Colleague: 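Mind looking over this structure? Questions follow.
If you read the sequence from its start, that first residue is 1, and numbering goes on from there. For ligands, and for the atoms within them, numbers begin at 1 and follow the listed sequence. This structure is a prediction, so every number in the text was calculated from the model and none was measured.
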Amino acid sequence: MQGYTELLFRDVYAEIFSGMDVAVSPFISALPEGRSKEREWNDVLPDLNTKMPVIPQMMGNVADDLVLLANRLYDLGHPVVNLNLGCPYKMVAKKKKGSGILCFPDELDALLERLVGGMKGRLSIKTRLGRHTREEFHTLVPIYNRYPLEDLTVHPRTGVQMYKGGPDLDFFEAMLPEITHRVIYNGDLWSLSRFRELSERFPSISDWMIGRWVISNPFLPAEIKGERFDEETKLQLLKRFHDAIYERQVARLDGPGHVTSVMKAFWVYFKDAFDNGDRLFKPLRRITDPAVYEAAVEQLFAGRPPVAG
Ligand SMILES: Cc1cc2nc3c(=O)[nH]c(=O)nc-3n(C[C@H](O)[C@H](O)[C@H](O)COP(=O)(O)O)c2cc1C
């Protein structure tokens with residue numbers, strides 16, 4: 001997740017929690033001539049990603065640029081790279097990138113043909129059901145089936161839906177038998193009981209991708225694998241998680257305003273780790289001074305807020 005699950009987060013997560021097999025990096029833009037932004041490139045350097053395995057994700061729609069980027073990533077030590085066909089944001093989609101290319105199936109097909117044909121490694125894809133309607137998926141699935149993909153992650157919403165409404169589980173269920181690839185389910189997997197519900201409903205699926213809920217419920221991957229935590233342990237781990245993210249952001253960022261704004265973005269999802277998260281987060285929203293922020297967070301945890309179930 002852009003702005004959230006960069007290397008700093010993945011390292012802290014792996015030091016405190018368990019259960020996660022692999023992370024997909026926030027997307028790396030495929031710039032002309034295979035160039036990439038230094039910050040995005042550094043995020044997936046194998047020498048730095050020693051705590052949690054990472055699959056780099058690419059964003060783009062120019063085959064030559066994507067091939068060059070994928071092959072640079074392969075040479076760096078990444079045999080599998082993921083292509084983002086899910087990003088719903090208008091700024092991306094209007095350039096026919098992310099979910100924006102899903103309503104141009106012929107262009108997508110041509111792109112995949114050149115990309116898969118030119119890549120040294122293997123391609124994995126993350127997709128939504130379509131840009132405008134779920135029915136677009138009827139055209140997309142045969143296209144995906146034509147290529148030797150490593151896997152296909154499906155977030156069963158449309159792009160224009162953004163994050164509104166729920167994932168369309170009925171439609172996903174109906175389409176699942178049509179997909180010849182290993183399918184990874186993604187979307188609104190927020191708790192162990194939700195996991196049980198989904199895994200019972202989709203017994204053919206054995207791989208699950210968690211996005212926002214890895215911040216709101218960081219225990220979930222371990223719980224899925226059978227670990228259990230009492231309330232006290234959860235509270236302590238949440239405090240350690242927060243403090244480690246905060247300390248490393250302080251060390252990394254220039255200027256107090258940057259640190260508090262990054263931490264407030266973290267709280268957008270982290271607040272849901274607590275039963276009354278919105279109320280807890282409210283006093284933090286206007287703080288710009290790190291010393292005031294630190295005191296407010298200490299006070300918040302001292303009040304032993306109930307952890308969400
Ligand atoms: C702020 C934000 C940034 C995201 N960045 C990415 C990204 O770079 N690549 C990607 O594949 N998905 C990205 N996502 C989407 C999530 O990976 C995931 O598909 C989506 O949130 C649904 O899953 P969830 O309900 O588990 O969060 C992002 C989502 C959010 C909210």
Colleague: For atom 2 (C) of ligand 1, which protein heavy atom lies nearest, and how many Å away is it?
Modeller: M1 CE, 4.0 Å
Colleague: For ligand 1, is any non-hydrogen atom under 4.0 Å from Y269's backbone (N, CA, C, O), its side chain (CB onward), both, or neither?
Modeller: side chain
Colleague: Should G187 be listed as contacting ligand 1, given a heavy-atom distance under 4.0 Å as the test?
Modeller: yes
Colleague: Check whether any side-chain heavy atom of K51 sits under 4.5 Å from a side-chain heavy atom of R10, and report yes or no.
Modeller: no
Colleague: Report yes or no: do Y147 and D109 form a side-chain donor-acceptor pair below 3.5 Å?
Modeller: yes
Colleague: Could you check whether any side-chain N or O of R182 sits under 3.5 Å from a backbone N or O of D207, counting only pairs where one atom can act as donor and the other as acceptor?
Modeller: no
Colleague: Could you name the option among K126, R212, H155 that has the heavy atom nearest to atom 17 (O) of ligand 1?
Modeller: K126
Colleague: Distance to the ring centre below 6.0 angstrom and angle to the axis at most 45 degrees; does that hold for K239 and F301?
Modeller: yes
Colleague: Parallel, tilted or perpendicular for F229 and F219, by the 30°/60° rule?
Modeller: tilted
Colleague: Which ligand 1 atoms does G211 reach within 4.0 Å, using its non-hydrogen atoms?
Modeller: 24 (P), 26 (O), 27 (O)
Colleague: Just jot down the ligand 1 atoms closer than 4.0 angstrom to any heavy atom of W213, in number order.
Modeller: 24 (P), 25 (O), 26 (O), 27 (O)
Colleague: Could you tell me whether the side chains of R128 and T158 share a donor-acceptor contact shorter than 3.5 Å?
Modeller: no
Colleague: Indicate whether the side chain of N186 and that of T153 have a donor and an acceptor atom separated by less than 3.5 Å.
Modeller: no
Colleague: To the nearest 0.1 Å, how far is atom 23 (O) of ligand 1 from its closest protein heavy atom, and which atom is that?
Modeller: N186 ND2, 3.1 Å
Colleague: Check whether any N or O atom of Y4, backbone or side chain, sits under 3.5 Å from an N or O atom of ligand 1, and answer yes or no.
Modeller: no
Colleague: Is there at least one pair of N or O atoms, one from M209 and one from ligand 1, spaced under 3.5 Å apart?
Modeller: no
Colleague: Grouping I, L, V, M, F, W and Y whenever their side-chain heavy atoms are under 4.5 Å apart, do L85 and Y89 come out in a common cluster?
Modeller: no
Colleague: For atom 30 (C) of ligand 1, tell me which residue out of W190, Y163, F27 has the closest non-hydrogen atom.
Modeller: Y163
Colleague: Not counting sequence neighbours, which residues clear side chain to side chain donor-acceptor pair (under 3.5 Å) with D275? List them please.
Modeller: none
Colleague: Which ligand 1 atoms does N84 reach within 4.0 Å, using its non-hydrogen atoms?
Modeller: 9 (N), 10 (C), 11 (O)
Colleague: May I ask whether G3 places a heavy atom under 4.0 Å from ligand 1?
Modeller: no
Colleague: May I ask you to identify the nearest protein heavy atom to atom 3 (C) of ligand 1, giving residue, atom name and distance to one decimal place in Å?
Modeller: Q2 N, 3.5 Å
Colleague: Check whether any N or O atom of R157, backbone or side chain, sits under 3.5 Å from an N or O atom of ligand 1, and answer yes or no.
Modeller: no
Colleague: Among all protein heavy atoms, pick the one closest to atom 9 (N) of ligand 1 and tell me residue, atom and distance.
Modeller: Q57 OE1, 2.7 Å
Colleague: Any heavy atom of D188 sitting closer than 4.0 Å to ligand 1?
Modeller: yes
Colleague: With under 30° as parallel and over 60° as perpendicular, where do the rings of H242 and W267 fit, or are they tilted in between?
Modeller: tilted
